[in-house]
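Every chain is numbered from 1 and lettered A, B, ... according to where its sequence line falls, protein lines coming before strand lines. These numbers come from a predicted model, not from an experiment.
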Number of protein chains: 2
Amino acid sequence: MYRYKITIAYDGTNFAGFQKQPKQRTVEEILERAVNKIAKKPAKLIKVYGSGRTDAGVHALGQVVHFDIPFSLSDNAMLHALNSILPLDIEVLEAQQVTSEFHARYGTQGKRYRYRLALGEFVDPFKRNYTAHWKFPLDLQAIQTALPDLIGEHDFSSFCAAGGHTKTNIREIYEATAVYDKAQNEIVFEFYGSGFLYNMVRIMVAVLIEIGSGKRPEHDIIRLLEVKNRDQARVTAPASGLYLKKVYYPKNFGK
Amino acid sequence: MYRYKITIAYDGTNFAGFQKQPKQRTVEEILERAVNKIAKKPAKLIKVYGSGRTDAGVHALGQVVHFDIPFSLSDNAMLHALNSILPLDIEVLEAQQVTSEFHARYGTQGKRYRYRLALGEFVDPFKRNYTAHWKFPLDLQAIQTALPDLIGEHDFSSFCAAGGHTKTNIREIYEATAVYDKAQNEIVFEFYGSGFLYNMVRIMVAVLIEIGSGKRPEHDIIRLLEVKNRDQARVTAPASGLYLKKVYYPKNFGK
């Protein structure tokens with residue numbers, strides 16, 4: 001078998017998330033069908049492995065997936081074959097044949113997420129599926145003061161929704177930024193860390209919005225990390241603003 | 001009765017165009033329902049009048065509509081009332097009470113359209129509904145050489161699809177530009193003219209793409225304008241790239 005790593009972008013609007021579910025349109029199922037079509041309907045269904053799930057409505061700029069097929073294709077042939085089959089809301093950005101050491105999910109070293117928060121009184125029709133919207137005043141400086149509290153290794157239990165199943169809730173955040181994009185009238189958050197719990201980015205953003213609107217003290221994140229209790233955070237920002245931007249691996253497994 | 005002029009933006013993706021049609025989701029019908037709700041379900045249905053139709057999938061950044069309601073509201077109250085009722089793919093950008101002289105359709109002095117053509121080998125999932133896509137080489141200079149041939153008053157019969165019903169096919173184009181947006185890897189066309197025939201912008205763009213890809217001589221537009229025969233143009237660019245950007249009126253009819 002020959003293993004391929006593919007990097008994909010998708011518009012999450014019309015997907016019930018990444019993971020396969022009966023009778024739902026999911027990224028995993030649509031990718032799997034495309035791969036099996038390229039593999040000429042093998043006797044045993046070829047499975048695809050993503051770096052992790054994304055929820056319904058969440059987008060990807062650089063999700064990573066691997067799969068094994070019974071014959072070898074050039075990277076470029078794989079790229080073109082997949083893009084010619086896939087619907088227009090998924091695009092393969094890169095395809096690479098890799099050694100069997102590579103595993104999209106178990107081999108990750110880190111992930112980077114972006115979150116787009118559109119400001120302004122009304123929802124821009126062209127952004128409704130691609131941002132969250134906030135119409136009230138927001139103190140960006142308070143948010144920027146709070147962000148360093150997330151950096152480092154912490155137990156993020158307060159920032160984890162029920163439904164995840166991980167051995168530990170300890171993760172490390174390497175970078176957390178919030179920048180105002182004047183042209184777009186948006187605040188763009190970025191989070192780079194070792195890994196993220198279920199809904200973690202959306203809970204962090206919602207807490208940061210509460211800090212920015214004066215509903216929480218500036219350093220409430222320190223308290224939340226200490227109490228390790230999801231009920232203290234309470235809030236989750238909408239899926240539409242979230243983008244899985246990049247998945248990191250310790251090395252290039254290219255063949 | 002009190003007349004209001006509203007300027008609206010809409011994402012055309014999920015609309016069967018502007019004009020009402022049985023059993024279809026259209027901008028006109030959804031606006032009309034909102035206006036009648038604000039007017040508290042008057043005995044006689046209040047109609048809305050757009051500056052013109054847009055086809056299924058065509059977007060608007062500044063469509064103009066008027067209607068009459070039986071009581072007066074402040075401009076700001078009208079703006080908020082409409083936006084609180086309308087779905088998120090239509091946004092009222094501005095509402096203004098105007099004199100009864102104002103007519104959104106018959107009073108227009110000109111219109112400006114934008115057309116976004118995304119380049120690159122594959123379709124970007126986030127642009128699939130908001131641009132047309134062209135993956136072959138395109139000579140922007142050839143297109144820019146051709147554009148001035150459109151300027152001025154001409155019979156645009158060669159650039160008019162069947163289905164329109166206008167007294168004359170003579171229109172005047174004041175401006176026609178094509179600019180390469182490097183950050184987006186797109187060619188952005190803009191056309192400003194006295195008025196546009198049915199599908200006229202999409203046919204012009206398709207002809208310009210053929211000129212840019214060497215399928216037509218650079219000055220073929222001069223010939224097309226002379227022959228006044230739609231069969232000579234043959235091609236229509238997709239709806240997804242087209243935006244009604246602005247509608248012009250001779251003066252401000254504000255009360």
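If you measure heavy-atom distances from A:Leu88 to chain B, the contacts under 4.5 Å come from both the backbone and the side chain. Using a 4.5 Å cut-off between heavy atoms, A:Leu61 contacts chain B through its side chain alone, with no backbone atom that close.
Among the residues in residues 120-131 of chain B, those with a non-hydrogen atom closer than 4.5 angstrom to a non-hydrogen atom of chain A are B:Glu121, B:Phe122, B:Val123, B:Asp124, B:Pro125, B:Phe126, B:Arg128, B:Tyr130. Scanning residues 65-74 of chain B against chain A with a 4.5 Å heavy-atom cutoff picks out nothing at all.
Taking a 6.0 Å sphere around OH of A:Tyr2, one finds it holds 12 or fewer heavy atoms contributed by other residues, nucleotides or ligands. Counting non-hydrogen atoms of neighbouring residues, nucleotides and ligands closer than 6.0 angstrom, the NZ atom of A:Lys37 reaches no more than 12 such neighbours. Applying the 6.0 Å contact sphere to NZ of A:Lys246 captures no more than 12 heavy atoms from other residues, nucleotides or ligands.
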